[in-house]
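Okay, structure first, notes after.
Residues take their numbers from the sequence shown, with the count starting at 1.
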Amino acid sequence: MSETPMNTLQYRFDGPEDAPVLILGPSLGTTWHMWDRQVPELTQQWRVFRFDLPGHGGAPAYPAGSVADLAERLLATLDGLGVHRFGYAGCALGGALGIELALRHPERIASLALIAASPRFGTADEFRQRGVIVRTNGLDPIARTSPDRWFTTGFAAAQPAITEWAVQMVRTTDPGCYIAACEALASFDVRSQLSGVAVPTLVLVGSDDQVTGPAEARTLVAGIPDARLAVVPGASHLVPVEQPAAVTDLLVRHFSTAWQPAYDSTTGQMAIVAAPAKPVLAAAPPQPAPIAEIAPAVVPPQTMGRPDPYDAGIKVRREVLGDAHVDRALAQADEFSGDFQEFITRYAWGEIWDRPGLDRRSRSCVTLTALVAGGHLDELAFHTRAALRNGLTPNEIKEVLLQAAVYCGVPAANSAFKVAQQVIREETTPTE
């Protein structure tokens, strides 16, 4: 066990001190105990290192808002322990962390296993919406529905103790850290970078995973040069818990046969090793169709030496309003309105919303007040959604509208309350 400074992670070791280190990374909402049933066999060959995400499993609640931040905290923890090279297996968010490490710090990774992982987890809107629900209702709604996402129906019915364990594990997570982890997944997208993963990789997925299923696994295998696929039948998202023996067997086979030797700084060379043995639970995957990418907007050349704010603007606009809203607005633009869409992206979002002088919560408060004053109820609706995404609670939005009632007039605020109330109901009602 460990005492945990802000820039490191809570961890534990199991296994012989002189064995090579194998790291097991957890999924969002879980603790290192999700790997309990793998540890006895893995520790026969490796020194197993497990860690908790911030605010999970009683770890200190120092939120990390990006996968890169989590990777740096993990490396800082390992550096403090003198661990420089290791194998890594991660589930879901833990898998994203493994990809990040392999892309940014390949010299540290000897071998990689990605479980229930994806180069992009759903959409940014989905995870930011989950953050709105947690901020408004706490973690209980997410906790109660976690078994539906994590396990097959048959397993959940047959294993009530494990199902209840899963619910309590989520319920006791720090809400702020859970929301920050959702933000980390919302911004994670390495689809165009998979060819840069240069370590032997096992991609492992449950056949019935409805969160990051076989399709996402095949995308990883198609993009990572030295990757093999294993599909575990009868398992959903939290496959190490649902099918522990199959997962353990696959991890042992992979890390026993595909452990890349360290880079030799004296010769500048790396030994060539044989390709890893093909996993037993899946045939070679078919090549998926290429992922469609939206071409970047054509923007005028930079003038007067200033960076063009369009790219920053479209990024901020998507983060604040959501991909669905922005895609809809851009899709509806034609020759008549296209210039206006480019104008507001470049100047409203790239110049003003991206300025560092106010945080986004403050800008949402100002924007809501201005829209009430102007009677712009359509814009008030989607900026109420944006305010929730930016971290304002329904009570804080209510206070903004009460303040606006004093200075903008009761009739304007009355209409605003009706719009905001409807939006808040839609956005904060948990889906069962």
Decide yes or no for Trp349 and Val320: does some side-chain heavy atom of the first lie under 4.5 Å from some side-chain heavy atom of the second? yes
Does Thr8 use its side chain to pair, donor to acceptor, with the backbone of Ala76 at less than 3.5 Å? no
So do Tyr347 and Ile352 actually touch side chain to side chain, heavy atoms under 4.5 Å? no
Calculate, to the nearest 0.5 Å, the distance between atoms OG1 and NE2 belonging to Thr30 and His56 respectively. 6.5 Å
Shortest non-hydrogen contact between Arg85 and Glu107, atoms and distance: NH1-O, 2.8 Å
Taking all non-hydrogen atoms of both residues, which atom of Cys91 and which atom of Leu238 are closest, and how far apart? SG-CD1, 4.2 Å
Hey, are the side chains of Phe121 and Leu93 touching, using non-hydrogen atoms and a 4.5 Å cut-off? no
State plainly whether the residues Lys315 and Glu319 are in salt-bridge range, i.e. N to O under 4.0 Å. yes
Counting C-beta onward and ignoring hydrogens, is there a side-chain heavy-atom pair between Val241 and Trp150 closer than 4.5 Å? no
If every non-hydrogen atom of Thr345 is compared with every non-hydrogen atom of Ile314, which pair is closest and at what distance? CG2-N, 3.5 Å
Donor-acceptor pair, Thr163 side chain versus Ala156 backbone, under 3.5 Å? yes
If we only count heavy atoms from C-beta on, is the Thr173 to Ile142 side-chain gap below 4.5 Å? no
Parallel, tilted or perpendicular: rings of Phe255 and Trp46 (30°, 60°): perpendicular
Which atom of Glu100 lies closest to which atom of Ala71, heavy atoms considered: CG-CB, 3.8 Å
Does Asp125 pair with Arg389 as a salt bridge, N-O distance under 4.0 Å? yes
Assess whether a salt bridge exists between Asp323 and Arg120, defined as any Lys/Arg side-chain N lying under 4.0 Å from an Asp/Glu carboxylate O. yes
Specify the closest pair of heavy atoms between Ala381 and Val423, including all atoms of both residues, with the distance to one decimal. O-CG2, 3.8 Å
So, do Pro54 and Leu9 sit near enough that their side-chain heavy atoms are less than 4.5 Å apart? yes
Under 3.5 Å: donor-acceptor pair, side chain of Thr384, backbone of Ala420: no
Do Arg108 and Tyr88 pair up side chain to side chain, a donor and an acceptor below 3.5 Å, judged on atom types alone? no
Salt bridge (Lys or Arg N to Asp or Glu O under 4.0 Å) with Arg171: which residues, sequence neighbours excluded? Asp140
Taking all atoms of both residues into account, what is the closest heavy-atom pair of Ser187 and Ala184, and its distance? OG-O, 3.2 Å
To the nearest 0.5 Å, tell me how far Leu401 CG sits from Cys408 SG. 10.0 Å
dist Leu101:CG -> Leu75:CG (nearest 0.5 Å) comes out at 5.5 Å
Using modelled atom types and a 3.5 Å cut-off, is there a donor and acceptor pairing between side-chain atoms of Ser66 and backbone atoms of Asp69? yes
For the atom pair CG (Leu185) and OG1 (Thr123), what is the distance rounded to the nearest 0.5 Å? 11.5 Å
Stepwise, does the side chain to side chain contact (heavy atoms under 4.5 Å, CB included) test hold for Thr77 with Phe49? CA-CA 11 Å; Thr77 307; Phe49 176 100; 4.1 Å; yes
Do Gln403 and Glu399 pass the side chain to side chain donor-acceptor pair (under 3.5 Å) test, and can you show the C-alpha distance, the side-chain angles, and the key distance before you say yes or no? CA-CA 6 Å; Gln403 187 87 0; Glu399 293 300 326; over 6 Å; no
For side chain to side chain contact (heavy atoms under 4.5 Å, CB included), just list the numbers for Arg50 and Asp36, CA-CA rounded to whole Å, side-chain angles, deciding distance to a tenth of an Å, and then say yes or no. CA-CA 10 Å; Arg50 289 181 284 171; Asp36 280 351; 2.7 Å; yes
Is there any side-chain hydrogen bond (donor to acceptor under 3.5 Å, both in side chains) pair reaching into residues 362-372, and which pairs are they, with sequence neighbours excluded? Asp359-Ser362, Ser364-Asn390
Between Glu242 (side chain) and Ser236 (backbone), is there a donor-acceptor pair under 3.5 Å? yes
Measure the CG-CG distance between Leu371 and Asp378 for me, rounded to the nearest 0.5 Å. 10.5 Å
Can you tell me how far apart CZ (Arg149) and CD (Gln210) are? Round to the nearest 0.5 Å. 13.0 Å
Quick one: does Val190's side chain get under 4.5 Å of Val197's, heavy atoms only? no
Gln341 side chain to Arg317 side chain, donor-acceptor N/O pair below 3.5 angstrom: yes
Are Leu321 and His383 side-chain neighbours, meaning at least one heavy-atom pair lies under 4.5 Å? yes
Any donor-acceptor N/O pair, Gln38 side chain to Pro240 backbone, under 3.5 Å: yes
Can you list the steps and then say if Leu392 with Cys365 is a side chain to side chain contact (heavy atoms under 4.5 Å, CB included)? CA-CA 9 Å; Leu392 289 176; Cys365 291; 4.0 Å; yes
Arg385 side chain to Glu427 backbone, donor-acceptor under 3.5 Å: no
Step by step, would you call Trp32 with Asp14 a side chain to side chain contact (heavy atoms under 4.5 Å, CB included)? CA-CA 12 Å; Trp32 63 42; Asp14 294 281; over 6 Å; no
Please check: side-chain N/O of Gln243 versus main-chain N/O of Gly234, any donor-acceptor pairing under 3.5 Å? yes
What class does the angle between the rings of Tyr11 and Phe13 fall in, given that below 30° is parallel, 30 to 60° is tilted and above 60° is perpendicular? perpendicular
Consider only side-chain N and O atoms of Glu164 and Gln168, and report whether a donor and an acceptor are under 3.5 Å apart. yes
